[in-house]
Amino acid sequence: MIRRASRGLVVLLLFVLYPSLVGAQLVVQQVATGLVLPVGFVQMPSDPAVQVVVEQIGRVRVLRNNVLQPGAYLDLTGAISAGGEQGLLGLAFSPTYAIDGRVFVNFTDSNGNTVIARFTCTTDLLHADVNTRKDLVWPGGLPYIVQPASNHNGGNLAFGPDGFLYVGLGDGGSANDPFQNAQNPMSLLGKMLRLNVSVSTSDPEGYDVPVDNPFVGRGNVLPEIWDFGLRNPWRWSFDDPAHGGTGALIIGDVGQGAWEEIDYEPAGAGGRNYGWPYREGSHDNVTTAAVFSPMTNPIFEYGRDTGATVIGGVIYRGTALGAAMRGRYIFADFVSQRVWTLGLDVNPLTGQATATDRSEVLGLGLAAVNTSSFGVDAAGEVYLLSLSGGAVFRLSGTSGGGPVNSCTIPDPFASLGGGTCVNGGWLPPGSTAPVPAPPPPTTPPPSSGTCATPDPFASLGGGTCVNGGWLPPGAVPAAPPTPPPPPTGTGCQTPDPFTSLGGGTCVNGGWLPPGAVLPPSSGSGSPTPPPPPPPAGCVGPDPFATLTSLKGLCVNGGWIPVPR
């Protein structure tokens with residue numbers, strides 16, 4: 001499907017999570033399961049509640065209201081070769097499907113050659129009639145495009161905003177384009193094609209070449225060609241103007257051995273040469289003649305420390321993921337199983353975009369998902385397909401707050417499956433990020449006195465220290481009664497210095513410590529003051545009676561805990 005030349009079976013790796021620079025974390029909802037090697041998700045134009053899922057084995061299944069329907073929209077399992085990078089690879093509905101009922105599919109036939117076939121649906125619009133098959137006929141008269149190897153078939157089909165059918169084709173396989181197709185103006189391989197398929201059912205080729213294709217009228221160049229220099233454009237899409245997009249074409253082109261690339265093409269700006277195999281990404285690759293210059297560099301590329309097979313996605317124009325996501329490009333890597341969004345800054349004069357930042361999606365919660373493709377529904381919301389899991393997921397919202405620190409050095413655990421970036425540092429695979437300890441509860445300052453024991457209410461938010469004892473949170477200490485004026489001539493002018501020891505005794509204007517023996521009267525002093533009145537009683541039993549280290553003390557009508 002999307003493996004490169006000389007690559008063995010792809011090892012299933014755990015999905016690696018990275019920080020988001022847009023301050024949001026995407027989450028997913030599983031929509032359907034039970035599919036076999038899903039590689040395409042396409043909205044049906046005639047009904048916003050219906051999409052189809054393309055299975056590489058040769059079937060097309062129907063989703064209605066996110067429920068997988070029994071049977072098949074189309075079954076070509078007996079007419080294709082499937083396995084590796086071959087099979088049923090792409091589907092596109094006519095923009096006027098509700099009127100003409102036409103649908104186009106891309107598959108490899110029993111000999112491994114590429115077929116683009118047209119079918120017409122049945123009256124219910126939910127099934128394609130296999131008896132209406134029409135294979136498009138290419139220059140030279142063949143109803144297929146010869147594939148010299150079993151890989152690099154491309155496979156995606158889509159109608160552009162201009163109403164024409166675009167066909168992405170790989171270079172024909174093997175390493176470094178040994179058949180020299182991508183720069184060959186007389187080969188359809190390694191190209192993006194643009195076709196007018198709004199022709200009569202009796203048209204012998206099944207298409208016409210649009211008169212404004214960039215190479216129409218040039219000798220020794222096939223007029224179907226829209227762009228040159230692609231290696232394996234597995235998944236690509238248009239920025240849908242119906243949802244506020246620019247109409248640009250954005251391509252994920254799978255690299256050879258060092259670089260994966262994303263190419264951006266403003267609406268209508270065909271006739272470009274993306275450089276393969278002369279270049280891999282923006283880097284010199286093999287010494288070969290380019291059909292023309294200048295060559296167009298990708299707007300973004302990444303190397304083997306990040307991934308090894310780019311899965312081109314979509315520019316987000318929905319609403320469920322939040323305003324910060326609108327206009328960002330969502331894409332993935334099949335080998336590293338990582339999913340990112342890419343910020344795009346579009347020049348209003350030229351329509352060309354530059355990449356501003358890349359943010360890896362957090363919170364997908366998908367292990368070994370093998371993202372094979374993306375798609376959008378009628379509302380512009382994004383779906384993700386799991387090849388090995390046989391499932392469809394919908395990106396359904398965000399689950400996080402502010403930005404998370406990114407790691408400033410490359411992942412040192414990339415060769416082990418990828419580390420996890422946590423607060424600016426890398427953790428090895430399988431590590432659990434440490435959970436920060438909660439901050440200690442804030443204890444209000446004592447309102448009076450000094451409590452000699454730790455606050456027993458710290459876990460409840462903190463007690464209040466009153467007169468040397470702790471009151472539970474929310475308790476209001478009773479106001480102390482106004483003391484009676486001291487007898488004449490016996491008032492103490494300074495605060496009681498023995499309060500913390502239980503209280504002193506005011507005698508003749510001075511404080512005596514607790515337990516002190518009063519001096520005998522000289523006959524001229526004041527008599528011993530009467531004891532203070534007992535405090536008002538506390539209502540209810542001691543609430544601290546069950547504690548082993550504290551007991552209650554009734555103070556001014558309220559219970560306070562004191563050491564036992």
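A quick note: this is a predicted structure, and the numbers were derived from the prediction, not measured. Residue indices begin at 1 and follow the sequence shown.
- A donor-acceptor pair under 3.5 Å is formed between the side chain of Lys191 and the backbone N or O of Asn184.
- Here the closest non-hydrogen pair linking Leu387 and Gln56 is CD1-OE1, 4.2 Å.
- For Tyr278, the OH atom is loosely surrounded, since the number of other residues' heavy atoms within 6.0 Å does not exceed 12.
- Side chains of Asn106 and Leu91 form no contact here, defined as non-hydrogen atoms less than 4.5 Å apart.
- Heavy atoms only, all atoms of each residue included: Gly173 and Asn151 are closest at CA-OD1, 3.0 Å.
- For the atom pair CG of Leu321 and CZ of Arg326, the computed distance is 10.5 Å after rounding to the nearest 0.5 Å.
- Using a 4.5 Å cut-off on side-chain heavy atoms (C-beta onward), Phe334 and Thr371 make no contact.
- The distance between the ring centers of Tyr166 and Trp226 falls below 6.0 angstrom.
- Annotation: side chain of Phe300 is in contact with side chain of Arg358 (closest heavy-atom distance under 4.5 Å).
- The six-membered or imidazole ring of Trp340 lies near that of Phe331, with a centre-to-centre distance under 6.0 Å.
- Of all heavy-atom pairs between Arg328 and Ser359, the closest is NH2-CB, 3.7 Å.
- Here the side chains of Asp227 and Ile225 are not in contact, with every heavy-atom distance at 4.5 Å or above.
- Ring-plane geometry between Phe228 and Phe215 is classed as perpendicular, the angle between the planes exceeding 60 degrees on a 0 to 90 degree scale with a lower cut at 30.
- The closest side-chain heavy-atom distance from Glu55 to Leu37 is not below 4.5 Å.
- Closest heavy-atom contact between Gly313 and Phe374: CA-CD1, 3.7 Å.
- Remark: side-chain polar atoms of Ser81 are paired, donor with acceptor, to backbone N or O of Asp109 under 3.5 angstrom.
- Checking each of Arg231, Arg338, Arg304 against Glu260 for a salt bridge (charged side-chain N to carboxylate O under 4.0 Å, His left out) leaves exactly one that passes, namely Arg304.
- Between Ser373 and Phe41, every side-chain heavy-atom pair lies at or beyond the 4.5 Å cut-off.
- For the side chain to side chain contact (heavy atoms under 4.5 Å, CB included) with Leu344, the lone residue among Thr246, Asp239, Ile299 that qualifies is Ile299.
- The nearest pair of heavy atoms linking Pro277 to Asn176 is CB-O, 4.1 Å.
- With hydrogens and angles ignored, the 3.5 Å screen pairs no side-chain donor or acceptor of Gln352 with any backbone N or O of Glu265.
- For Gln180, the CD atom sits in a loose shell: 12 or fewer heavy atoms of surrounding residues, nucleotides or ligands are nearer than 6.0 Å.
- Across Leu74, Leu35, Val36, a single residue satisfies side chain to side chain contact (heavy atoms under 4.5 Å, CB included) together with Arg59, and that is Val36.
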